[in-house]
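A short write-up of the structure that comes next.
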Amino acid sequence: MNITKMEALVLQQLASAAGSELYGLEMVKASDGALKMGSVYVILDRLQRKGFVGSEREVLPPDAQRPPRRLYKITGTGARVLHAYEALQSAYAGGLTGAY
Amino acid sequence: MSNEKSDRYKRFYVEFKHFNINRTAWKVGEAEADHFAKVFFLQHADLKPQNLIVTEGLHDADVIFDMTETQVVSHVVLASAAKQSKSKLEIAPGFKLHGWLSSVCPRTFKENVLDECLAEGTRMYQDMLAAGDLKGARRVRWAMRFWMLRAVFGGFVTGAFMLLGRFRKTSD
């Protein structure tokens with residue numbers, strides 16, 4: 001399964017959250033400008049459709065004045081795909097530097 | 001006029017010393033409250049129920065003429081004395097654009113992307129308003145519209161590439 005650089009970046013962030021859930025703005029802030037607000041949800045939507053990411057609505061108290069966020073979590077398939085992607089990237093980099 | 005009603009509408013009672021009748025308009029004398037305009041020109045709408053009056057020389061104030069059956073005007077009730085005291089209804093930022101884009105985008109895209117852009121933007125907007133950062137709040141108002149448009153454009157490009165990929169697979 002192919003994933004883009006941006007999709008890999010989002011998966012890396014979710015994987016580094018160590019099982020906890022993240023929301024879009026959190027990922028944008030952590031990416032140091034690599035991810036934008038307008039594009040992060042499109043990427044997450046795509047990853048969700050591929051089955052690499054799961055999501056659920058934030059549970060807020062009934063008197064909360066703010067809209068609930070959607071919280072994202074990496075799935076087992078997503079983690080395996082990310083692992084394969086990283087292995088491929090390191091092999092490719094190694095090939096370029098002559099390590100292999 | 002009951003106190004309950006005046007509290008509800010935050011109206012001010014003004015007593016007038018004298019008034020003249022000029023066919024369709026009521027020319028009313030000086031008001032006792034000094035922060036109002038000195039002279040009010042009140043146009044009387046006979047045909048409307050509740051004797052609703054439209055004013056000139058006031059700051060957008062709605063005026064209701066409170067009169068008895070004997071046509072004795074005792075006082076005028078003002079909806080607002082000045083512009084500052086008038087409450088303002090504000091539409092949530094990005095809401096209209098979100099509604100329009102939702103009507104043209106697929107439901108899953110709306111739920112996963114557009115709703116999230118709006119939710120996140122609204123939260124940021126509320127946080128900035130609560131912190132007193134009006135400049136930042138104004139920036140977010142416009143930024144969230146840009147996020148939504150960008151997301152739709154991104155979604156459209158993604159969809160186009162996915163279709164192209166499918167087409168290539170079937171042609172191979």
Side-chain angles (χ1 to χ4, degrees), chain A residues 1-11 13-14 17 21-31 33-75 78 81, chain B residues 90-95 97-99 101-102 105-131 136-137 139-166 168-169:
Chain A
M1 179 71 76
N2 286 336
I3 56 167
T4 64
K5 204 175 157 185
M6 286 299 182
E7 287 173 344
L9 184 65
V10 170
L11 285 178
Q13 291 208 12
L14 289 168
E21 294 161 318
L22 294 178
Y23 55 89
L25 185 63
E26 227 172 353
M27 287 183 242
V28 171
K29 281 179 181 168
S31 70
L35 290 170
K36 306 282 180 203
M37 272 300 285
S39 58
V40 70
Y41 291 110
V42 180
I43 296 166
L44 284 164
D45 179 47
R46 216 157 49 207
L47 288 171
Q48 230 175 322
R49 271 188 277 160
K50 289 177 180 174
F52 300 161
V53 163
S55 75
E56 60 180 11
R57 280 240 172 257
E58 185 182 22
V59 182
L60 291 172
D63 58 338
Q65 296 283 315
R66 27 187 60 208
R69 285 170 168 141
R70 192 175 280 274
L71 300 169
Y72 299 90
K73 199 175 181 179
I74 192 164
T75 60
V81 166
Chain B
E90 194 187 356
I91 297 172
F95 196 75
L97 182 66
H98 173 268
L101 290 174
S102 301
C105 291
R107 194 171 59 87
T108 47
F109 185 82
K110 177 213 170 260
E111 284 173 3
N112 291 338
V113 181
L114 292 176
D115 285 359
E116 293 316 300
C117 285
L118 187 73
E120 205 64 75
T122 308
R123 286 179 83 119
M124 278 175 83
Y125 179 70
Q126 286 174 348
D127 288 345
M128 284 182 173
L129 279 184
R139 201 177 59 239
V140 171
R141 273 182 87 94
W142 291 103
M144 62 197 291
R145 290 178 177 119
F146 176 72
W147 300 339
M148 282 191 272
L149 289 171
R150 187 187 170 133
V152 169
F153 179 72
F156 176 74
V157 171
T158 304
F161 272 104
M162 282 171 87
L163 272 177
L164 193 71
R166 257 183 238 167
R168 274 180 145 182
K169 267 185 194 171

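Numbers restart at 1 for each chain; the letters A, B, ... are given by sequence-line order, proteins then strands. Below, each value reflects all heavy atoms present in this structure, side chains not excepted, and no hydrogens, waters or symmetry copies.
Between A/Y23 and B/E120 there is a side-chain heavy-atom pair separated by less than 4.5 Å. In this structure the side chain of A/M37 never reaches within 4.5 angstrom of the side chain of B/C117, judged on heavy atoms.
Interatomic distance, NZ of A/K36 versus CZ of B/R150, reported as 6.5 Å (0.5 Å rounding). Separating the CG atom in B/N112 from the OH atom in A/Y72 is a distance of 6.0 Å, to the nearest 0.5 Å. Rounded to the nearest 0.5 Å, atoms CG (A/L25) and CD (B/E116) are 11.5 Å apart.
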Side chain to side chain contact (heavy atoms under 4.5 Å, CB included) between B/D115 and A/R57, worked out: CA-CA 11 Å; B/D115 285 359; A/R57 280 240 172 257; 4.0 Å; yes
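Contact of A/E58 with chain B is made through the side chain alone, with heavy-atom distances under 4.5 Å. Both the backbone and the side chain of A/R70 come within contact range of chain B, each with at least one heavy atom under 4.5 Å from a heavy atom of that chain. B/M124 touches chain A through its side chain: at least one heavy atom from C-beta onward sits under 4.5 Å away, while N, CA, C and O do not.
In terms of non-hydrogen atom pairs under 4.5 Å with chain A, the most contact-rich of B/T108, B/D127, B/V152 is B/D127.
Of all heavy-atom pairs between B/A119 and A/P68, the closest is CB-O, 3.8 Å.
Around NZ of B/K110, the count of heavy atoms belonging to other residues, nucleotides or ligands within 6.0 Å exceeds 12.
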